[in-house]
Novice: 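Please see the structure below; I have some questions.
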Amino acid sequence: MNQAKKLKDTLNLPHTDFPMRANAVENEPQRIEHWEQSGLYQEVQKKNKTAESFVLHDGPPFTNGDVHVGTALNKILKDTILRFKGAQGFKTPYIPGWDCHGLPIEFKVTKTLRNKKIDYDNVSLRKSCAEFSQNYIETQRSQFKRLGVLADWEKEYRTMNPRYEAEILRTFADFVEKGLIYRSKKPIYWSIPCSTALAEAEIEYKDHVSPSIYVPFEIDGEERCSMVVWTTTPWTLPANMAVAVHPREKYCKVRVDKGHYWIGQSLVEDFAKICDFESFDIIDTQTGDSLVGKNCRHPFIERSSPVVAAEYVTMDSGTGSVHIAPGHGLDDYLTGLEHDLEIYCPLDDYGCYSADDYMPDELIGLSVLEKSNGCAANHKVIEILEKKNLLLAQKKHHHQYPHCWRSKTPVVFRAMDQWFVSLDKDGLREKCIDKLGDVNFTPDWGANRIKGFLESRPDWCISRQRSWGVPIPVFFDEDGNPLLDADLIRFLANRVEEKGSDIWFSSDENSLLEGYELDEQWKGKVLSKGTDTLDVWIDSGCSHRSVLRNEKDLSWPADLYLEGSDQHRGWFQSSLWTSMTSFDSAPYRRILTHGFVVDGEGRKISKSDGKPQTADSYVTKYGADVLRLWVCSEDFRRDIPLSDEILDQVVRSYRTLRNTIRFQLGNLDGFLWEEHSVSLDKLDMIDCWALSKTAELTADITDAMNTYELHRVVQLINRFCSGVLSSTYHDIIKDRLYTLHTDDSYRRSTQTAIYQIFETFVRLIGPILSFTADEAWSFHKTGKKLSSDFLLLQDWPKADNSFASSESVEDAQILLDLKESKINEALENLRSSKLIGQSLEAEIVLTFSAESEIAKVLKRRLSNLPELFIVSSVILDPVSSETELKVTAHHAPGVRCPRSWRWVPELVEAGDWGDVSPRCAKVLSKLNL
RNA sequence: GGGCCCAUAGCUCAGCUGGUUAGAGCACCGUGUUGAUAACGCGGGGGUCGGUGGUUCGAGUCCACCUGGGCCCA
């Protein structure tokens with residue numbers, strides 16, 4: 001064996017079994033299993049059992065697919081925050097949930113059943129939906145676990161659980177009791193052949209040719225002067241209740257032989273052409289505003305039709321005046337609400353005009369359904385207009401029109417009776433806005449956003465003509481009068497709690513009501529149960545009640561709701577309404593929102609791009625810790641970009657972190673705290689400095705964590721890792737760690753510091769890099785990959801300020817600043833001149849004014865300087881004149897010690913090892929061999 | 001079309017109440033080391049702060065408008 005090899009064996013080179021590469025794809029699942037088998041979640045709860053609690057209430061993801069990368073981001077943020085709070089000593093019960101009901105599932109299941117030609121009724125459809133939902137709960141749960149999410153999975157909540165459903169009904173009962181529930185009409189999509197309501201998702205848009213007609217509405221009290229509307233659904237004219245104009249657009253009064261017409265200014269030419277007017281004059285021009293308030297006469301029904309203002313009126317096509325049928329369109333409906341128009345819809349379930357006081361006899365019974373020979377209702381309406389000479393023009397109009405996904409026929413908008421929650425009764429809306437003042441928002445504009453929604457939303461339509469949901473427990477008598485009774489609903493809620501909401505669908509009216517004492521007025525009546533279900537926003541909006549108030553580990557209100565910013569309109573809002581109604585206070589103390597995952601260009605990610613959307617597709621490639629590090633390195637309050645470039649960068653910084661930890665572990669090999677640690681007041685200068693930097697880091701990270709600025713945490717970690725450790729501390733201490741005697745006090749001093757830095761640093765990254773930190777901790781404590789020593793059971797580090805303003809730390813900082821600026825510059829010059837390679841080959845000369853401040857430091861720390869600057873020797877050259885400190889460097893004189901690689905004046909003999917520096921000789925002499 | 005929000009080096013982020021040549025980490029280029037080695041050190045080149053106009057002695061930082069993007073509505 002050659003001398004070099006032998007000498008190398010006398011060094012204390014780092015050694016650890018902590019692998020350089022994570023091999024996360026294989027190792028992380030093992031760790032998850034280990035956590036689960038050890039009951040880590042329960043252990044953490046046990047540790048903080050008696051402490052103040054921090055309740056993060058989980059917003060339930062919808063159970064209709066694999067976990068999306070955005071959902072993964074959400075759960076990772078929650079988990080990171082909870083791990084931090086848990087380490088801080090808070091009791092952090094975390095019960096995840098699932099949102100089960102809703103149209104997307106019902107729609108998918110219905111499609112599958114139909115494709116398989118399986119007959120179904122409400123009960124069997126609901127059973128299939130429940131199975132569908134449950135399947136995805138299993139899938140998503142395991143995908144969440146794979147991300148490292150620690151939770152009380154045993155107690156997870158599902159909105160389809162009977163106990164949960166019962167609380168939904170109790171919430172509804174509260175609404176009823178407070179008199180907030182009322183019945184009113186609202187237009188919905190209706191499929192005539194299927195005789196069923198449709199949701200937006202069940203609509204397919206197809207090319208369609210509709211008749212387009214121009215119809216004058218004569219203005220009351222103005223002879224031969226009309227507003228003119230343009231419509232492509234003539235059959236809705238009988239339901240016309242108003243004519244809308246844009247308040248700020250200009251309108252012209254056009255004079256032709258037949259009379260005068262008000263037409264949007266920019267549409268006059270087109271209009272005249274379409275109507276074949278030979279000539280026309282414009283005799284007046286007004287803004288829409290000044291037309292508002294006029295009254296028109298319906299063209300063929302004895303009814304007036306006021307001119308109203310609507311912002312959505314455009315001058316793109318038509319006449320600038322819009323036919324408003326509040327019972328047949330959503331815009332029309334909202335305009336109707338605004339102007340107190342009747343939501344009039346003279347159409348039965350089969351799409352035929354029904355008889356009432358208004359409907360002309362010749363229209364009654366006619367179908368509005370489009371058949372091969374056209375639409376009977378359209379034909380007749382046009383015929384009536386022609387007869388009255390009120391058809392200014394008629395054309396064919398090609399456009400996209402909604403069709404029913406099942407029957408493939410055009411759907412109609414049809415107002416039907418729905419249940420609403422009155423949001424203004426007893427000042428509910430004001431109270432909600434008011435209570436928002438007690439809620440903290442991160443980012444703070446969240447308050448503004450939710451407030452905007454609260455202020456502007458119309459009354460809440462909570463009924464849906466669906467099967468997969470919680471039934472609205474209402475009965476109707478034979479005249480259609482509803483029986484809506486809070487006590488009865490609570491009675492039914494108790495039954496649902498026992499049997500699930502399926503009983504509503506599987507039981508008849510008598511058995512549902514069995515055991516309930518009806519009021520006198522209802523006794524003996526033939527009652528039939530309603531068929532509507534509740535809006536699913538009620539479902540999830542009740543979670544604070546069903547979960548926070550019912551689980552004994554949890555408490556109400558929650559300390560934190562943390563969801564995507566879309567939930568300002570969704571869950572945050574629905575939860576607030578239900579909470580205010582039942583408990584007169586908000587269910588959360590703080591709302592934290594994150595943005596959406598976008599691609600590298602900042603555009604939304606969509607399936608059509610072919611880029612992966614599921615969390616799994618990333619986890620199986622990069623592992624969970626890299627994904628967690630990505631989440632936490634982004635400022636999640638705005639859009640969160642994700643691209644290969646970004647992930648590559650995250651991977652690199654992960655490797656750096658991992659390697660830094662590995663270096664520390666390697667240098668703690670054989671170090672036993674009880675036996676070898678040095679008392680803190682005896683630590684060497686550079687070790688004190690490193691510990692003071694660690695204390696700063698701890699304070700900064702704790703601060704960033706407390707304000708949920710996780711990206712700042714990651715930046716701090718990275719900077720510490722490279723700036724404080726790799727390029728400075730670790731670089732400097734290598735000499736003493738490797739070359740001094742194992743038990744040398746300088747070496748032990750440094751190991752003491754590393755030990756503390758390691759324990760602090762690993763705890764600091766623990767909430768984010770949960771797998772890696774736990775792995776490192778286990779190796780640190782037991783030398784093994786998996787052990788029962790869990791990082792998560794450790795307390796959050798406290799910033800140790802004992803070194804903050806010590807002379808050692810201040811001196812070190814001055815000297816390190818000098819190193820980073822002038823020393824490195826001098827060394828680099830030497831290196832680029834090919835005079836040295838590694839810096840140990842250099843000798844430094846420092847010329848400085850003897851009276852300067854730095855002179856004192858240099859003199860005081862002379863013996864530390866070579867090590868600090870990583871050179872072989874340092875010569876001080878104090879001068880009496882006032883001069884700026886100057887650094888010169890040259891190749892060190894003397895000979896190179898083959899063991900320490902330092903250049904010394906001369907080598908001494910060290911037995912079998914040959915010639916080494918005196919310092920190394922001393923070390924070697926102490927070795928027991 | 002409306003409400004809310006975002007826009008600083010190739011990437012991820014700092015830049016407090018407006019004030020010297022706009023910072024960090026990563027990447028890149030060059031280079032050293034081969035005793036953290038599928039690692040580590042040193043050096044260097046990159047932004048005029050999305051655009052335009054304004055307020056001001058002075059603006060990345062305030063105001064207006066515009067452009068691009070996101071969420072939610074229509």
Novice: Report the distance from atom CZ of A:F453 to atom P of B:G3, rounded to the nearest whole Å.
Specialist: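 To the nearest whole Å, that distance equals 12 Å.
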Novice: Does a side-chain heavy-atom distance below 4.5 Å link A:V69 with A:I605?
Specialist: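 SC-SC contact between A:V69 and A:I605 confirmed.
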Novice: Students often get this wrong, so: under 4.0 angstrom with heavy atoms, is A:E634 touching a base, only sugar-phosphate, or nothing?
Specialist: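 Sugar-phosphate only.
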Novice: Counting only side-chain nitrogens and oxygens, does A:K604 get under 4.0 Å of the OP1 or OP2 atom of B:G70?
Specialist: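 It does not, given that no N or O in the side chain of A:K604 lies less than 4.0 Å from OP1 or OP2 of B:G70.
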Novice: Measure the distance from CD on A:E601 to C1' on B:C11 and round it to the nearest whole Å.
Specialist: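 Taking atom C1' of B:C11 as the reference, CD of A:E601 is at 12 Å.
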Novice: Just do the side-chain contact (heavy atoms from CB on, under 4.5 Å) check on A:L737 and A:R747 with the steps written out, would you?
Specialist: CA-CA 5 Å; A:L737 285 171; A:R747 185 166 182 274; 4.0 Å; yes
Novice: Over all strands shown, is A:D331 touching base, sugar-phosphate only, or nothing at heavy-atom distances under 4.0 angstrom?
Specialist: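 It contacts sugar-phosphate atoms only.
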Novice: Over how many whole Å does the gap from A:N829 atom CG to B:G44 atom P extend?
Specialist: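 About 10 Å, once rounded to whole Å.
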Novice: Between A:V536 and A:R464, is any pair of side-chain heavy atoms under 4.5 Å apart?
Specialist: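 Not touching, per the 4.5 Å side-chain cut-off.
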Novice: At 4.0 Å (heavy atoms only), tell me whether A:H568 reaches a base, stays on the sugar-phosphate, or touches nothing.
Specialist: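 Answer is nothing: A:H568 stays at 4.0 Å or more from every strand.
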Novice: Looking only at side-chain atoms of A:R638, point me to the closest of B:G25, B:C13, B:C40.
Specialist: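 When the side chain of A:R638 is considered, B:C13 is the closest of B:G25, B:C13, B:C40.
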Novice: Going by modelled atom types, is there a donor-acceptor pair between the base of B:A38 and the side chain of A:R21 at under 3.5 Å?
Specialist: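 Per atom types, the contact qualifies.
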Novice: So, is B:G46 syn or anti if syn means the angle is within 90° of 0?
Specialist: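 That one's syn.
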Novice: So what does A:I646 hit on the nucleic acid, given a heavy-atom distance under 4.0 Å: a base, only sugar-phosphate, or nothing?
Specialist: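 The residue A:I646 makes sugar-phosphate contact but no base contact.
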Novice: OP1, OP2 of B:A14 versus side-chain N and O of A:H711: anything below 4.0 Å?
Specialist: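 Yes, A:H711 has a side-chain N/O under 4.0 Å of OP1/OP2 on B:A14.
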Novice: What's the closest nucleotide to the side chain of A:S727 if the choices are B:G70, B:G41, B:C4?
Specialist: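 Among B:G70, B:G41, B:C4, the one nearest the side chain of A:S727 is B:G41.
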Novice: For A:W630, which contact category applies under a 4.0 Å heavy-atom criterion: base, sugar-phosphate, or nothing?
Specialist: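 The residue A:W630 makes no contact with any strand.
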Novice: Determine the contact category for A:E820: base if any of its heavy atoms lies under 4.0 Å from a base atom, sugar-phosphate if only primed atoms, P, OP1 or OP2 are that close, otherwise nothing.
Specialist: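 Contact class for A:E820: sugar-phosphate only.
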Novice: For A:R712 and B:G25, is the shortest distance between a side-chain N/O and OP1 or OP2 below 4.0 Å?
Specialist: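 Checking B:G25 against A:R712, no side-chain N or O comes under 4.0 Å of OP1 or OP2.
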Novice: Look at the aromatic rings of A:Y729 and A:W689 and report parallel, tilted or perpendicular, splitting at 30° and 60°.
Specialist: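 It falls in the tilted class, 30° to 60°.
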Novice: My understanding is that a pair needs two contacts under 3.5 Å, Watson-Crick or G-U wobble. By that rule, which nucleotide pairs with B:A74?
Specialist: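 For B:A74, the partner nucleotide comes out as none, under the 3.5 Å rule.
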Novice: Should the side chain of A:R449 and the base of B:C71 be counted as holding a donor-acceptor pair, with the cut-off at 3.5 Å?
Specialist: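 Check passes, donor-acceptor contact within cut-off.
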Novice: Considering only B:C26, B:A39, B:U37, which nucleotide approaches the side chain of A:R662 most closely?
Specialist: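 Nearest to the side chain of A:R662 among the choices is B:U37.
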Novice: Hey, what's the ring geometry for A:W571 with A:Y561, parallel, tilted or perpendicular (30° and 60° as the breaks)?
Specialist: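 A:W571 vs A:Y561 ring planes: parallel.
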Novice: If I pick the P atom on B:U67 and the same atom on B:A27, what distance separates them, to the nearest angstrom?
Specialist: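 These two P atoms come out 39 Å apart once rounded.
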Novice: Counting any heavy atom closer than 4.0 Å, what does A:S633 reach on the DNA or RNA strands: base, sugar-phosphate only, or nothing?
Specialist: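 Answer is sugar-phosphate: A:S633 comes under 4.0 Å of backbone atoms only.
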Novice: Looking only at side-chain atoms of A:S726, point me to the closest of B:C40, B:A14, B:C26.
Specialist: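 The answer is B:C40, which lies nearest to the side chain.
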Novice: Rounded to whole angstrom units, what separation is found between the CG atom of A:D635 and the C1' atom of B:G25?
Specialist: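 The answer, rounded to whole Å, is 16 Å.
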Novice: Does A:G666 reach a base, just sugar-phosphate, or nothing at all? Heavy atoms under 4.0 Å.
Specialist: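 Nothing, no nucleic acid heavy atom in range.
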Novice: On a whole-Å scale, what distance lies between the P atoms belonging to B:A7 and B:G51?
Specialist: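 To the nearest whole Å, 13 Å.
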Novice: In the strands shown, is B:U52 matched to any nucleotide by a Watson-Crick or G-U wobble pair with both distances under 3.5 Å, and which?
Specialist: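 Answer to the pairing question: B:A64, which forms a Watson-Crick or G-U pair with B:U52.
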Novice: Of all the nucleotides listed (B:A38, B:U33, B:C6), which has the minimum atom distance to the side chain of A:M20?
Specialist: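 Of all the options, the side chain of A:M20 is nearest to B:A38.
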Novice: Taking only the side-chain nitrogens and oxygens of A:K734, find out if one of them lies under 4.0 Å from OP1 or OP2 of B:A36.
Specialist: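 The answer is yes; a side-chain N or O of A:K734 sits under 4.0 Å from OP1 or OP2.
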Novice: Atom CD1 of A:I733 to atom C1' of B:G35: distance rounded to whole Å?
Specialist: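 The answer, rounded to whole Å, is 14 Å.
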Novice: For the side chain of A:Q715 and the base of B:U12, is some donor closer than 3.5 Å to an acceptor across the two?
Specialist: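 Looking at the base of B:U12, it does pair with a donor or acceptor on the side chain of A:Q715 (distance under 3.5 Å).
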Novice: For B:G32, does either OP1 or OP2 sit under 4.0 Å from a side-chain N or O belonging to A:K834?
Specialist: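 Result: yes.
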Novice: Let's test this: given Watson-Crick or G-U wobble pairing with both distances under 3.5 Å, identify the partner of B:C29.
Specialist: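 WC or wobble partner is B:G43.
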Novice: Can you tell me, in whole Å, how much space there is between the C1' of B:A14 and that of B:U61?
Specialist: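 14 Å, rounded to whole Å.
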Novice: Please tell me which of A:E645 and A:G602 maps to the more 5' nucleotide of RNA chain B, matching each residue to the nucleotide holding its nearest heavy atom.
Specialist: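 Its nearest nucleotide being more 5', the pick is A:E645.
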Novice: Considering only atom C1', compute the distance from B:U34 to B:G41 and round it to an integer number of Å.
Specialist: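 These two C1' atoms come out 12 Å apart once rounded.
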Novice: Which value, in whole Å, describes the distance between the C1' atoms of nucleotides B:U52 and B:C57?
Specialist: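 Looking at atom C1' only, B:U52 and B:C57 are 23 Å apart.
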Novice: Using atom CD1 of A:I754 as one end and atom P of B:A36 as the other, report the distance to the nearest whole Å.
Specialist: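 From A:I754 CD1 to B:A36 P: 13 Å.
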Novice: Classify the ring geometry of A:H730 against A:F663: parallel below 30°, tilted from 30° to 60°, perpendicular beyond 60°.
Specialist: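 A:H730 vs A:F663 ring planes: tilted.
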Novice: Round to a whole Å and report the spacing from CD1 of A:I870 to P of B:G32.
Specialist: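 Going from A:I870 (CD1) to B:G32 (P), I get 18 Å.
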Novice: Do the side-chain N or O atoms of A:R569 get closer than 4.0 angstrom to the phosphate oxygens (OP1, OP2) of B:C73?
Specialist: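 So the side chain of A:R569 is within the cut-off, an N or O lying under 4.0 Å from OP1 or OP2 of B:C73.
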Novice: Given the C1' atoms of B:C40 and B:G35, what is the spacing between them in whole Å?
Specialist: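 That atom pair is separated by 11 Å.
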Novice: Quick one: label A:P641 by what it contacts on the DNA or RNA (base, sugar-phosphate, nothing), any heavy atom closer than 4.0 Å.
Specialist: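 Sugar-phosphate only.
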Novice: Quick check on RNA chain B: between A:D639 and A:F663, whose nearest nucleotide comes earlier from the 5' end?
Specialist: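 Here A:F663 is the residue nearer the 5' end.
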Novice: Could you go through the ring pair (Phe, Tyr, Trp, His ring centres under 6.0 Å) check for A:F761 and A:F720 one step at a time?
Specialist: CA-CA 10 Å; A:F761 189 66; A:F720 181 79; 5.7 Å; yes
Novice: Nearest to the side chain of A:L13, which nucleotide is it out of B:U12, B:G35, B:A36?
Specialist: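 My answer, after comparing the listed nucleotides, is B:G35.
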Novice: If you measure from the C1' atom in B:G46 to the same atom in B:G23, how many Å do you get, rounded?
Specialist: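 Between the two C1' atoms, the distance is 14 Å.
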Novice: Is the shortest side-chain N/O distance from A:Y738 to OP1 or OP2 of B:A36 below 4.0 Å?
Specialist: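 For A:Y738, the contact criterion (side-chain N or O under 4.0 Å from OP1 or OP2 of B:A36) is met.
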Novice: I'd like the P distance from B:C42 over to B:C4, given in whole Å.
Specialist: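 Per the computed distance, 49 Å lies between those P atoms.
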Novice: Output the rounded distance in Å from CZ (A:R457) to P (B:C4).
Specialist: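 These atoms are roughly 19 Å apart.
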Novice: A:S832 side chain N/O closer than 4.0 Å to the phosphate oxygens (OP1, OP2) of B:C42?
Specialist: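 For B:C42, OP1/OP2 do not have a side-chain N/O of A:S832 under 4.0 Å.
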Novice: Just so I know, are the side chains of A:R457 and A:W577 near enough to count as touching, which here means a heavy-atom distance under 4.5 Å?
Specialist: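 The answer is yes; the side chains approach within 4.5 Å.
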Novice: Any side-chain heavy-atom pair from A:L436 and A:L576 closer than 4.5 angstrom?
Specialist: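 Answer yes - side chains close enough.
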Novice: Under the 3.5 angstrom rule, does the side chain of A:R896 hit a backbone N or O of A:W903 as a donor-acceptor pair?
Specialist: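 Answer holds: no.
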Novice: B:U31, OP1 or OP2 - any side-chain N/O from A:R831 closer than 4.0 Å?
Specialist: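 Looking at the OP1 and OP2 atoms of B:U31, neither is under 4.0 Å from any side-chain N or O of A:R831.
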Novice: Under a 3.5 Å cut-off for both distances, is B:G35 Watson-Crick or wobble paired, and to whom?
Specialist: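 Its partner: none found.
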